[in-house]
Amino acid sequence: MTAPIDRIDQVYGKDVFSRRIMRQRLPKEIYKSLVRTIDNGEALDAQVADVVAATMKDWAIENGATHFTHWFQPLTGLTAEKHDSLVSPDGSGGVIFNFSGEELVQGEPDASSFPSGGLRATFEARGYTAWDPTSPAFLVRGDNNVTLCIPTAFVSWTGEALDTKIPLLRSMEALSKQALRILKLFGTDAGVSRVITTVGPEQEYFLVDRELFFERPDLVTCERTLFGARPPKGQQLEDHYFGTIPSRVLKFMSDAELELYRLGVPVKTRHNEVAPGQYEIAPLFEVSHIASDHQMLMMETLKRVAQRHGLAALLHEKPFAGVNGSGKHNNWSMASDTGVNLLDPQDETHTNLQFVVFLVAVIRAVDLHADLLRACIASAANDHRLGANEAPPAIISIFLGDMLSDILEQVEKGLPKRTLKGGVIDLGARSLPQLPRHSGDRNRTSPFAFTGNKFEFRAVGSSQSIAWPNTVLNTIVAESLDFVAGELEKAVGDKVTAARLEAAALGLLKKLLKEHKKVIFDGDNYTPEWHAEAKKRGLPMLQDSVASFQALSARKNYDLFKKYGVLTKAELDSRTHIAIEKYIKQVTIEAETMVSMARTMILPAALAHQSLIAEAVAGTEAAGIDDVDSRTSLTGFVGLVSRLRKATVALDKTVAAHADSPMKHAQQIKARVIPAMGELRAVADELQLHVADEFWPMPTYRDLLFLK
């Protein structure tokens with residue numbers, strides 16, 4: 001049997017049409033031309049496309065592929081694919097394998113049934129997929145099939161973006177352009193042709209037994225439990241976090257990782273998360289759009305591989321009430337294409353003025369555009385998670401830590417003179433090493449925390465594509481870098497000297513910190529005192545998604561995306577409309593599922609238990625015994641059943657009501673439907689605590705969270 005380490009070495013990147021494979025198989029000049037397209041954005045030559053297509057086809061066929069697809073990410077938040085055969089009749093009773101440069105570069109899926117937010121009418125169906133040569137093609141292996149998947153962008157016949165990839169790539173270009181201006185001022189642009197943004201998204205998820213999963217209509221339909229009383233044991237003992245991984249789960253993890261390795265996804269970390277039944281997987285950092293592609297592959301792989309192990313992977317932000325929710329911590333940074341991390345403070349941070357400029361530019365961006373950051377992670381699912389159990393609150397703030405906060409305080413007073421050092425930790429035993437202490441602690445309650453050489457955007461939801469949050473993040477930082485570069489260029493003039501640049505930078509930094517340090521908070525974001533303080537500081541208090549959606553329509557946000565060529569007004573409006581419609585549909589589906597489950601599962605179980613109690617009371621009284629306690633118990637239980645009926649009818653009527661616009665409908669759902677859902681759940685969960693196990697019609701939290 002091959003050792004696991006040997007298997008990993010043998011399969012890593014095996015199913016990726018990587019640069020290594022292209023370098024081996026493509027003619028030298030064709031390869032160089034393609035690399036210039038990938039690295040420098042040069043136009044793709046048609047002849048190059050034909051050669052690449054033929055080479056890609058041969059490689060795919062050698063690996064068992066029979067079909068190809070343009071793999072893209074429409075505004076559903078998922079991926080999409082239409083498979084076409086590589087096989088064609090040869091006219092002589094046999095077949096040949098064909099794949100042209102034209103088929104590689106452009107596809108034409110029907111665009112009418114994807115969400116467009118008003119960009120396209122249903123009868124206007126034409127849309128195009130365009131090959132993204134910067135994202136490697138890959139093979140997806142099924143039980144008896146192999147498909148060549150070609151990452152593409154998805155655009156309307158009118159030229160408007162219908163996907164998440166195009167705006168992300170545009171935002172990366174916008175940030176690169178502005179960041180290069182800063183590097184030029186500091187004289188650190190030698191050899192740098194562009195600045196990239198990098199992302200390392202941590203993925204949290206739950207695993208439940210697959211048979212139990214199918215016994216819960218709410219999990220099957222909504223991927224979260226709409227009913228469920230808390231079990232006596234949840235996460236209060238804090239014994240699951242980083243605990244021993246159950247053997248069945250570890251087998252699943254190993255298989256999932258092996259598939260991801262084949263696809264070139266550089267997964268690094270696996271562990272138990274806070275809640276029982278919750279786990280995490282995290283990759284190494286990659287360029288933002290590659291990380292986004294790989295994140296979608298990771299989610300699909302987790303779900304697919306879980307089935308093989310008799311498990312179901314739940315990516316919903318809050319599958320279970322009362323325990324930790326799931327997020328997707330978006331670790332974001334900027335780097336030059338020469339490999340320099342622009343958010344690395346280095347050892348003597350007080351001497352690294354360029355870093356401080358980039359840092360303060362990010363602070364300014366987050367303060368000015370906190371509404372956009374909140375809106376880009378808004379969803380009905382994330383509303384259940386934000387604000388408790390390891391999730392940051394909905395108020396956007398920045399955590400910097402002791403060292404950086406001290407540096408910025410020094411900047412406000414003049415030229416910084418020192419960098420706080422963490423020192424070492426002496427463990428008190430000679431056999432143990434002395435540990436280097438970081439110069440600042442971490443803050444797990446902050447939605448946007450600096451963590452060494454990156455910012456961790458912790459508010460992103462676990463089921464969400466990271467493309468949209470990173471598009472927003474790149475764009476707002478591009479705007480801030482543009483402002484900072486413009487101010488510095490005016491201050492130093494045509495002749496840049498170190499002294500003039502330092503004076504100009506320090507003057508600008510003081511001004512920016514005075515205006516924007518209100519968004520910095522290094523304390524406990526969960527406390528009521530912080531919420532009161534945030535309101536006093538004037539930070540946006542967008543506590544739910546419906547309020548957040550409205551921020552997208554602010555004039556400043558239209559202007560922002562237009563100025564940097566990321567989204568047109570129509571494209572932004574479409575995404576706002578789709579987000580609102582998704583919110584309405586998601587909550588409506590949940591409400592209707594609750595009504596169905598209450599009527600067909602919970603009420604019959606409650607009535608069966610009620611009959612059991614009634615028979616016991618009747619039998620006791622027939623024996624001549626006056627059992628007051630049993631009668632009282634029966635009366636109380638009948639009252640609960642009556643409440644269940646009333647709450648079911650109330651929710652049914654409430655969810656059936658409609659408003660005359662999507663936003664008003666969303667507001668109506670927030671104000672009326674969600675409270676009605678809460679009332680129905682409360683009485684149903686109370687009933688669960690009284691109904692005999694033999695009657696309760698679905699697996700309980702105890703079953704779902706602990707049976708592995």
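Heavy-atom basis, side chains included; hydrogens, waters and symmetry copies ignored. One is the number of the first residue; the rest follow in order along the sequence.
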**Study point:** Validation row: H67, N145 side chains within 4.5 angstrom (heavy atoms)
**Key:** no
Practice item. State whether the side chain of N382 and the backbone N or O of I377 hold a donor-acceptor pair below 3.5 Å, judged by distance alone. Key: yes
Review point. Does the side chain of P151 reach to within under 4.5 Å of the side chain of K165, using non-hydrogen atoms?
Key: yes
Study note, to complete from the structure: Output for pair (L139 CG, R262 CZ), nearest 0.5 Å, gives 8.5 Å
Point to revise | Any donor-acceptor N/O pair, S33 side chain to I30 backbone, under 3.5 Å | key: no
Practice item. Could you tell me which non-hydrogen atom of M22 sits nearest to which non-hydrogen atom of I38, and how far apart they are? Key: CE-CD1, 4.4 Å
Check your understanding: Do the ring planes of Y205 and F252 sit parallel (below 30°), tilted (30 to 60°) or perpendicular (above 60°)?
Key -> perpendicular
Check your understanding: Any side-chain heavy atom of R25 sitting closer than 4.5 Å to one from W59?
Key -> yes
Check your understanding: Counting only heavy atoms not in N40, do more than 12 fall under 6.0 Å of its CG?
Key -> yes
Exercise for review: For residues W131 and V52, determine if any side-chain heavy atom of one lies less than 4.5 Å from a side-chain heavy atom of the other.
Suggested key: yes
Practice item. Return the orientation label for the F455 and W332 ring planes: parallel under 30°, perpendicular over 60°, tilted otherwise. Key: tilted
**Study point:** Residue that, paired with S326, satisfies side-chain hydrogen bond (donor to acceptor under 3.5 Å, both in side chains) out of E280, E204, Q278
**Key:** Q278
**Study point:** Short side-chain to backbone donor-acceptor contact, D132 and A153, under 3.5 Å
**Key:** no
Review point. Do the side chain of D50 and the main chain of G101 share a donor and acceptor less than 3.5 angstrom apart?
Key: yes
Review point. Should K177 and D482 count as an ion pair when the cut-off is N to O under 4.0 Å?
Key: no
Practice item. Over all heavy atoms of both residues, which pair between F285 and N331 is shortest? Give the atoms and the distance, please. Key: CE2-O, 3.3 Å
Check your understanding: Hey, are E223 and H316 close enough side-chain-wise for a donor-acceptor pair under 3.5 Å?
Key -> no
Exercise for review: Give a yes or no on whether the backbone of L250 and the side-chain of S254 come within a donor-acceptor separation of less than 3.5 Å.
Suggested key: yes
Review point. Do the side chains of P27 and V51 get nearer than 4.5 Å, heavy atoms only?
Key: yes
Review point. For the side chain of S288 and the backbone of T197, is there at least one donor-acceptor N/O pair under 3.5 Å apart?
Key: yes
Revision key, fill the gap. Note: F213 and L219 closest approach over all heavy atoms is CE1-O, 3.5 Å
Review point. Are any of the side-chain nitrogens in K57 or E103 under 4.0 Å away from the carboxylate oxygens of its partner?
Key: no
Point to revise | Side-chain touch T129/P109, heavy atoms, less than 4.5 angstrom | key: yes
Revision key, fill the gap. Between the CG atom in L297 and the OG1 atom in T79, the distance rounded to the nearest 0.5 Å is 7.5 Å
Check your understanding: In this structure, are over 12 heavy atoms from other groups packed under 6.0 Å from K303 atom NZ?
Key -> yes
Review point. For the atom pair CG (D189) and OG1 (T338), what is the distance rounded to the nearest 0.5 Å?
Key: 10.0 Å
Study note, to complete from the structure: Which of W71, F68, F17, Y261 passes ring pair (Phe, Tyr, Trp, His ring centres under 6.0 Å) with F138? Answer is W71
**Study point:** Donor-acceptor pair, side chain of S156 and main chain of E160, under 3.5 angstrom
**Key:** no
Review point. Is a side-chain donor or acceptor of T152 paired with a backbone partner of A130 at a separation under 3.5 angstrom?
Key: no
Review point. Side chains of N330 and N470: do they bring a donor and an acceptor to under 3.5 Å?
Key: yes
Practice item. For Q464 and M299, work out which heavy atoms get closest and say how close. Key: O-CE, 4.3 Å
Review point. What heavy-atom pair brings M334 and N341 nearest, and what distance separates the two atoms?
Key: O-OD1, 3.1 Å
Exercise for review: Output the distance between atom OG (S88) and atom CD1 (I96), rounded to the nearest 0.5 Å.
Suggested key: 5.5 Å
Point to revise | Nearest non-hydrogen partners of C149 and V140, listed with the distance | key: SG-CG2, 3.7 Å
**Study point:** Main-chain N/O of A381 paired with E317 side-chain donor or acceptor, under 3.5 Å
**Key:** no
Check your understanding: Hey, are T69 and T147 close enough side-chain-wise for a donor-acceptor pair under 3.5 Å?
Key -> no
Review point. Where the side chain of H70 meets the backbone of L104, is there a donor-acceptor pair that is under 3.5 Å apart?
Key: yes
Review point. Going by heavy atoms in the side chains, are R248 and D209 under 4.5 Å from each other?
Key: yes
**Study point:** F114 and F72: CA distance, side-chain angles, deciding distance, ring pair (Phe, Tyr, Trp, His ring centres under 6.0 Å) verdict
**Key:** CA-CA 12 Å; F114 290 109; F72 59 103; 5.6 Å; yes
Practice item. Count the heavy atoms belonging to other residues, nucleotides or ligands that lie under 6.0 Å from CD of E211, then report whether that count exceeds 12. Key: no
Review point. Does any non-hydrogen side-chain atom of S379 lie less than 4.5 Å from one of K582?
Key: no
